[in-house]
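The structure appears below as structure tokens.
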Amino acid sequence: MAYQVILPAAGLGKRMRAGKNKLLLELNGMPVLVHTLRVFEEDEACTGIILATHPQDDREITGLLKKYRILKVLNLVPGGDERQHSIYNALRTVKTDGIILVHDAARPFIRKGHIHRLAQKADETGAAIIGVPAKDTMKKVKDGVVVETVERASLWAVQTPQAFRISILKKAYERADQEHFLGTDDASLVERLGYPVSIVEGDYDNIKLTTPEDLYFAEAILEKRKRLEQGRQA
Ligand code: CTP
Ligand code: MG
């Protein structure tokens, strides 16, 4: 299933406390952003990458695109103050219909197989998101006191990518903009219009690099993948 992807990369990475955009930190000698870009650059089903960036990072990112030969990024779109605004700026540059994915540039461990299953599902249903069943017991808390233990079987931790028919996502973003609605993910904008959103089971490795300790998890995931790769070649 052919698709385009929007990669929001215009954040400041404040919680990472690195003094610069966390996407420019290196993992295994290569910036996080490049790890993510490569997944899509190397996926033949991906027809284009729309990258939303903060102007202060543009020079460095342009250099990286050249250095690592990322050819599917045609241009950089200026990000906004919120993730949702960055994505809306990117979405407005899309003139075709078809399937679009939105994927946090801060999740470098997404796998091609999951991307394909997600794009396929969105083509069938209009909207699909990736997630994993919740592992922890979840409780609703108010003013420091437990209100309720939520039944875990029905709870999923949702990640990106999230995939949509372009016409549906545009309508959802336009409506959110008109109504000043700020959602915590892309699907929530689509849900409030009453469209069903399907879920595709992904894996727990697809973490978002958010705080400094996530870098240790990232090293461990890379190490695991390297061992698996060596095992396959042996
Ligand atoms: N993002 C964006 N535009 C913004 C804010 C975030 O494009 N105005 C992007 C980030 O670059 C990241 C993704 O959205 O790839 C998820 O956001 P998050 O993990 O919160 O990253 P940051 O906003 O950079 O980090 P923080 O919230 O800690 O400052
Ligand atoms: Mg943020």
Side-chain angles (χ1 to χ4, degrees), residues 4-27 30-41 46 48-65 68 70 72-94 100-111 114-115 118 129-132 157-164 169 172-173 176-177 180-190 202 204-218 221:
Q4 301 174 68
V5 63
I6 292 173
L7 296 180
L12 297 173
K14 282 194 192 143
R15 286 169 289 174
M16 190 58 81
R17 303 193 302 273
K20 63 171 179 174
N21 188 344
K22 62 189 178 183
L23 302 174
L24 300 171
L25 298 177
E26 293 195 349
L27 279 180
M30 196 167 78
V32 171
L33 178 63
V34 179
H35 282 271
T36 310
L37 283 166
R38 275 205 164 163
V39 174
F40 295 99
E41 181 71 22
C46 176
I49 302 170
I50 304 150
L51 192 55
T53 55
H54 195 291
Q56 76 188 11
D57 297 329
D58 279 359
R59 257 190 52 194
E60 189 166 350
I61 291 178
T62 305
L64 291 174
L65 296 177
Y68 291 97
I70 305 294
K72 290 183 184 173
V73 177
L74 299 176
N75 48 6
L76 304 182
V77 175
D81 286 343
E82 298 287 342
R83 176 186 181 277
Q84 186 173 316
H85 300 142
S86 298
I87 294 164
Y88 194 31
N89 287 352
L91 189 59
R92 274 186 298 213
T93 70
V94 177
I100 195 140
L101 267 60
V102 179
H103 181 63
D104 288 327
R107 291 188 192 268
F109 301 117
I110 184 64
R111 291 169 176 281
H114 288 131
I115 294 173
L118 188 75
I129 62 179
I130 204 153
V132 285
V158 161
Q159 310 165 339
T160 68
Q162 302 194 341
F164 308 91
L169 192 63
Y173 264 82
D177 183 51
H180 307 291
F181 175 84
L182 206 56
T184 51
D185 72 347
D186 309 285
S188 62
L189 275 50
V190 169
Y204 294 95
D205 281 1
N206 183 28
I207 58 168
K208 180 161 73 69
L209 302 182
T210 307
T211 54
E213 53 275 15
D214 291 328
L215 298 174
Y216 297 115
F217 296 127
I221 293 166

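Both ligands and their constituent atoms are indexed starting at 1 by order of listing.
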Which of the numbered atoms in ligand 1 are below 4.0 angstrom from a heavy atom of Ala106? 15 (O)

Strictly distance-based, threshold 3.5 Å: is any side-chain N or O of Ser86 a donor or acceptor partner for the main-chain N or O of Gly80? yes

Sidechain-backbone polar pair: His54 side chain, Gly79 backbone, donor-acceptor under 3.5 Å: no

At under 4.0 Å between heavy atoms, which part of Pro8 makes contact with ligand 1: side chain, backbone, both or neither? both

Can you confirm, on distance only, whether ligand 1 has an N/O atom lying under 3.5 Å from any N/O atom belonging to Leu23? no

So, is Met16 polar-close to ligand 1, with some N/O to N/O distance under 3.5 Å? no

Could you give all pairs that pass the salt bridge (charged side-chain N to carboxylate O under 4.0 Å, His left out) test and reach residues 72-93, with sequence neighbours left out? Arg83-Asp104, Arg83-Asp186

What residue and heavy atom of the protein are closest to atom 19 (O) of ligand 1, and at what distance? Lys208 NZ, 2.6 Å

Any donor-acceptor pair under 3.5 Å linking the side chain of Gln84 with the backbone of Phe181? yes

Looking at Ile6 and Ala90, what are the two nearest heavy atoms and their distance? CG2-CB, 3.7 Å

Using a 4.0 Å cut-off to any heavy atom of Lys14, which atoms of ligand 1 qualify? 25 (O), 26 (P), 28 (O), 29 (O)

Is there a polar contact between ligand 1 and Gly80, counting only N or O atoms under 3.5 Å apart? yes

Which atom pair, heavy atoms only, marks the closest approach of Ala105 to Thr36? O-OG1, 2.8 Å

Just wondering, are more than 12 heavy atoms of other shown residues or ligands nearer than 6.0 Å to OH in Tyr204? yes

Closest to atom 18 (P) of ligand 1 (heavy atoms only, candidates Glu82, Lys22, Gln84, Arg107) is Lys22

Going by the order shown, which atoms of ligand 1 are within less than 4.0 Å of some heavy atom of Leu12? 24 (O)

Between Ala52 and ligand 1, is there a nitrogen or oxygen pair with a distance under 3.5 Å? no

Starting from atom 24 (O) of ligand 1, find the nearest protein heavy-atom neighbour and note its residue, name and distance. Gly13 N, 2.8 Å

Nearest to atom 7 (O) of ligand 1, what protein heavy atom do you find, and at what distance? Ala10 N, 2.9 Å

Specify side chain, backbone, both or neither for His85, according to which of its non-hydrogen atoms lie closer than 4.0 Å to ligand 1. neither

Which pairs pass side-chain hydrogen bond (donor to acceptor under 3.5 Å, both in side chains) with one or both residues in residues 7-22, sequence neighbours excluded? Asn21-Asp57

Regarding ligand 1, does Asn21 bring an N or O atom to under 3.5 Å of one of the ligand's N or O atoms? no

Taking 4.0 Å as the limit for heavy-atom contacts, which would you say applies to His54 with ligand 1: side chain only, backbone only, both, or neither? neither

For residues Gln4 and Cys46, determine if any side-chain heavy atom of one lies less than 4.5 Å from a side-chain heavy atom of the other. no

Could you tell me, atom by atom, which parts of ligand 1 come under 4.0 Å of a heavy atom of Ala9? 7 (O), 11 (O)

Of all protein heavy atoms, the one nearest atom 20 (O) of ligand 1 is Arg15 NH2, 2.9 Å

For Ser86, the ligand 1 atoms whose distance to one of its heavy atoms is below 4.0 Å: 2 (C), 3 (N), 4 (C), 7 (O), 8 (N)

Can you give me the closest heavy-atom contact between Pro78 and Asn89, atom names plus distance? O-ND2, 2.9 Å

Give a yes or no on whether the backbone of Leu27 and the side-chain of His35 come within a donor-acceptor separation of less than 3.5 Å. yes

Element-labelled atoms of ligand 1 that are located less than 4.0 Å from some non-hydrogen atom of Asp81: 8 (N)

Among all protein non-hydrogen atoms, which one is nearest to atom 23 (O) of ligand 1, and what is the separation to 0.1 Å? Gly11 CA, 3.9 Å

Only one of Leu209, Leu7, Leu37, Leu33 forms a side chain to side chain contact (heavy atoms under 4.5 Å, CB included) with Leu23, so which one is it? Leu33

For atom 16 (C) of ligand 1, grab the closest protein heavy atom and report residue, atom and distance to one decimal in Å. Asp104 OD1, 3.5 Å

Would you please test Leu91 and Val102 for side-chain contact (heavy atoms from CB on, under 4.5 Å) and show each step? CA-CA 10 Å; Leu91 189 59; Val102 179; over 6 Å; no

